[in-house]
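Structure record follows, encoded as structure tokens.
Given the structure is predicted, the values throughout are model-derived calculations rather than measurements. Each residue takes its place number in the sequence, starting with 1.
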Amino acid sequence: MMKLKYSICCGLDVHKNVIVATIVITNNDGISEYKQKSFSTINSDIQRFHNWLIENNCFHVCMESTGKYWIPIFNYLENDIDVCLTHPKYVKAIKGKKTDKKDSKWIADLYKFDLVRCSFIPPKDFRQLRELARYRFKLVCMKSSEKNRIQNCMTVSNVGIASVLSDPFGRTATEIMSYLLEHTAASMDEKAVRKLIKKGARAKSDEIIEAIRGYNIEADQAKKLELARGHLEYLDDMITQTEVELYVRIKPYYEFVEFVSTMPGMTELSSTIVLAETGVDMNIFDDAKHLCSWCGLAPANNESAGKKKSVRISKAGDYLKPMMVVCIYHMVSEKKPFSPTDYEELMDPRNHVEQVVLNEDNVFAYLESLGYDSSKLVKRNDN
């Protein structure tokens, strides 16, 4: 018989405009009573829903993490209600006569027996930090897209700077592109272009001139370049503002940033972004392996009828990814800087186990230390 975990709890089926809630109250005899009600997602109705829970002495709520609809509900309830947010796959109802009310009741019935796996929801300050960090990621992706468009325009216009310079968006390339947009191939002054080449690229001056000679930027490409370059500058400014805000918000936890950034290759910014995802409370993870799995860096189990299906992750960074997670786990949980021994222990745990060289003089003493009764062991004599 399944053990009851919550005598009073609530299951929610949350949509864009409606919340379907089912409170299940189970008595000592195992008999359950259900109270069901629907609310809209406007603030005043969420307040009514909150009050309804309190009136029924219900302080445990479970709901699916569907889109973004769960966030305002969670934010409103988290102060005085224990909210379990779960992945839809853990509360998927049996196909058939499926309705919102039945889904809500199904979630409540699963949750009262503690059959639902709750997702990790960071504290509010880290959720806000994560939101900014993910927005920065989207801005960086947009920046990369604009760079690709600019390079496409350059290719179409016979401007081969990207084939010569290591950074087609560095100072040299940027100033040369500005010059080319203001002139035509016929009016281009090679001496003027050479003056735009910075010290680090002067060794390639002749190659740069050859790469742009005969260019032809049509009006449509010129307009695209103008707009894309302006957007690129705007995105750079937005990314900078986002990073400043990240540093301001991570300040109360900056000691953890310093610990994580001691690892080679981890800057303070990258450390801040990592901590925005994981938080700094390592108690929510059973161990470093749990953190590795939570980060999606461990293969999942997929077995049916004795047959295992391939669920392997990318082969790239087989050692780097677990090393980073394990080191971050120890740096944050123990508040200690990065140490190369963490990597050595990960790669070869035997390095930290005392090695015993056995011979005929110490073998029986060693076996006794492991709990064996040496009087029952027959000593072999190979004379």
Co-membership, hydrophobic cluster, residues [X] and [Y], 4.5 Å side-chain:
X      : Y      : value
Leu181 : Ile150 : yes
Tyr215 : Ile176 : yes
Trp70  : Leu53  : yes
Val24  : Val116 : no
Ile107 : Leu77  : no

To the closest 0.5 Å, what do you measure between [atom1] ([X]) and [atom2] ([Y])?
X      : Y      : atom1 : atom2 : answer
Tyr111 : Cys10  : OH    : SG    : 10.5 Å
Asn152 : Lys147 : CG    : NZ    : 14.0 Å
Asp114 : Lys3   : CG    : NZ    : 9.5 Å
Leu232 : Lys143 : CG    : NZ    : 6.0 Å
Leu85  : Phe120 : CG    : CZ    : 12.0 Å
Ile19  : Ser38  : CD1   : OG    : 9.5 Å

Problem - Contacts of Arg149 that satisfy side-chain hydrogen bond (donor to acceptor under 3.5 Å, both in side chains) - sequence neighbours left out - result: Glu146
Handout entry: Set of side-chain hydrogen bond (donor to acceptor under 3.5 Å, both in side chains) partners for Ser178, sequence neighbours left out
Key =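 Ser178: side-chain hydrogen bond (donor to acceptor under 3.5 Å, both in side chains) contacts with Arg229.
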Practice task
Can you sort out the partners of Asp45 under salt bridge (charged side-chain N to carboxylate O under 4.0 Å, His left out), two or more places apart, ordered by chain and number?
Solution key: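 Asp45 satisfies salt bridge (charged side-chain N to carboxylate O under 4.0 Å, His left out) with Arg48 only.
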Exercise for the section: Quick one: list whatever passes salt bridge (charged side-chain N to carboxylate O under 4.0 Å, His left out) with Lys223, sequence neighbours left out. Expected result: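 Lys223: salt bridge (charged side-chain N to carboxylate O under 4.0 Å, His left out) contacts with Glu226.
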All N/O donor-acceptor pairs, side-chain side in residues 158-172, below 3.5 Å, sequence neighbours left out:
{"unit_1": "Asp167", "atom_1": "OD1", "unit_2": "Phe169", "atom_2": "N", "d": "3.0"}
{"unit_1": "Asp167", "atom_1": "OD1", "unit_2": "Gly170", "atom_2": "N", "d": "3.4"}
{"unit_1": "Asp167", "atom_1": "OD2", "unit_2": "Gly170", "atom_2": "N", "d": "3.4"}
{"unit_1": "Thr172", "atom_1": "OG1", "unit_2": "Lys198", "atom_2": "N", "d": "3.1"}

Problem - Test log, rule side chain to side chain contact (heavy atoms under 4.5 Å, CB included), inputs His290 and Ile284 - result: CA-CA 9 Å; His290 185 196; Ile284 62 171; over 6 Å; no
Practice task
Can you tell me which residue pairs pass the disulfide (SG to SG under 2.5 Å) test with a partner in residues 115-199, sequence neighbours excluded?
Solution key: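 Every pair satisfying disulfide (SG to SG under 2.5 Å) with a residue in residues 115-199: Cys84-Cys118.
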Salt bridge or not between [X] and [Y]? Use side-chain N to carboxylate O under 4.0 Å.
X      : Y      : answer
Arg249 : Glu245 : yes
Asp220 : Lys224 : no
Arg194 : Asp206 : yes

Exercise for the section: Please list all pairs passing the salt bridge (Lys or Arg N to Asp or Glu O under 4.0 Å) test where one or both residues lie in residues 79-91, with sequence neighbours left out. Expected result: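 Sorted pair list comes back empty.
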Practice task
Apply the test side chain to side chain contact (heavy atoms under 4.5 Å, CB included) to residues Lys199 and Arg202: give CA-CA distance (whole Å), side-chain angles for both, the deciding distance (0.1 Å), then the verdict.
Solution key: CA-CA 5 Å; Lys199 187 176 180 180; Arg202 283 176 187 165; 4.3 Å; yes
Shortest non-hydrogen separation from [X] to [Y] and the atoms involved:
X      : Y      : value
Lys335 : Phe256 : CE-CZ, 3.6 Å
Ala108 : Gly11  : CB-N, 3.6 Å
Ser187 : Tyr179 : O-OH, 4.1 Å
Trp52  : Ala21  : CZ3-CB, 3.7 Å
Met63  : Val14  : SD-CG2, 3.9 Å
Ser119 : Thr86  : OG-CA, 3.9 Å

Does any part of the side chain of [Y], heavy atoms only, come nearer than 4.5 Å to the side chain of [X], both counted from C-beta?
X      : Y      : answer
Ile25  : Tyr6   : no
Phe259 : Val332 : no
Ile212 : Met188 : yes
Ile54  : Ile81  : yes
Arg127 : Glu78  : yes

Exercise for the section: Count the heavy atoms of every other residue, nucleotide or ligand shown that sit under 6.0 Å from CZ of Phe137, and state whether that count exceeds 12. Expected result: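 Atom CZ in Phe137 is not packed in, count stays at 12 or less.
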Handout entry: More than 12 heavy atoms of other groups within 6.0 Å of Glu131 CD
Key =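 No, the 6.0 Å shell around CD holds no more than 12 heavy atoms from other groups.
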Problem - Donor-acceptor pair between Asn17 and Tyr69 side chains, under 3.5 angstrom - result: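 No, no side-chain donor-acceptor contact under 3.5 Å.
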Practice task
Give a yes-or-no answer on whether the side chains of Asn51 and Gln47 include a donor-acceptor pair shorter than 3.5 Å.
Solution key: yes
Exercise for the section: Please answer whether the main-chain N or O of Asn283 pairs with a side-chain N or O of Asp281 as donor and acceptor at a distance below 3.5 Å. Expected result: yes
Problem - Whether Phe126 and Tyr253 hold their rings parallel, tilted or perpendicular, with breakpoints at 30° and 60° - result: tilted
Exercise for the section: Can you run down the side-chain hydrogen bond (donor to acceptor under 3.5 Å, both in side chains) pairs that involve residues 18-27, sequence neighbours left out, and say none if there aren't any? Expected result: Thr22-Gln36, Thr22-Ser104, Thr26-Ser32
Problem - Remaining members of hydrophobic cluster (4.5 Å side-chain criterion), Leu139 - result: Tyr135, Val140, Met142, Tyr234, Leu235, Met238, Ile239
Exercise for the section: Show which residues join Ile42 in its hydrophobic cluster (side-chain heavy-atom contacts under 4.5 Å, direct or indirect), or state none. Expected result: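 ILVMFWY cluster around Ile42 holds nothing else.
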Exercise for the section: Start with the C-alpha gap between Lys112 and Lys5, add the side-chain angles, then the distance that decides, and say whether side chain to side chain contact (heavy atoms under 4.5 Å, CB included) holds. Expected result: CA-CA 5 Å; Lys112 72 180 181 182; Lys5 176 70 178 290; over 6 Å; no
Exercise for the section: With Lys37 as the cation and Phe49 as the aromatic partner, state whether NZ or CZ is under 6.0 Å from the six-membered ring centre and within 45° of the axis. Expected result: no
Exercise for the section: Assess whether side chain to side chain contact (heavy atoms under 4.5 Å, CB included) is satisfied between Leu4 and Phe113, documenting all intermediate values. Expected result: CA-CA 5 Å; Leu4 183 69; Phe113 290 117; 4.2 Å; yes
Could you pull out every donor-acceptor pair under 3.5 Å between side chains of residues 269-280 and any protein atom, sequence neighbours left out?
{"unit_1": "Ser270", "atom_1": "OG", "unit_2": "Thr267", "atom_2": "N", "d": "2.7"}
{"unit_1": "Ser270", "atom_1": "OG", "unit_2": "Thr267", "atom_2": "O", "d": "3.0"}
{"unit_1": "Ser270", "atom_1": "OG", "unit_2": "Thr267", "atom_2": "OG1", "d": "3.1"}
{"unit_1": "Ser271", "atom_1": "OG", "unit_2": "Ser261", "atom_2": "N", "d": "3.3"}
{"unit_1": "Ser271", "atom_1": "OG", "unit_2": "Thr267", "atom_2": "O", "d": "2.8"}
{"unit_1": "Thr272", "atom_1": "OG1", "unit_2": "Glu268", "atom_2": "O", "d": "2.8"}
{"unit_1": "Glu277", "atom_1": "OE1", "unit_2": "Arg134", "atom_2": "NH2", "d": "2.9"}
{"unit_1": "Glu277", "atom_1": "OE2", "unit_2": "Arg134", "atom_2": "NE", "d": "3.0"}
{"unit_1": "Thr278", "atom_1": "OG1", "unit_2": "Val274", "atom_2": "O", "d": "3.4"}

Problem - His15: partners by ring pair (Phe, Tyr, Trp, His ring centres under 6.0 Å), with sequence neighbours left out - result: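 His15 satisfies ring pair (Phe, Tyr, Trp, His ring centres under 6.0 Å) with no other residue.
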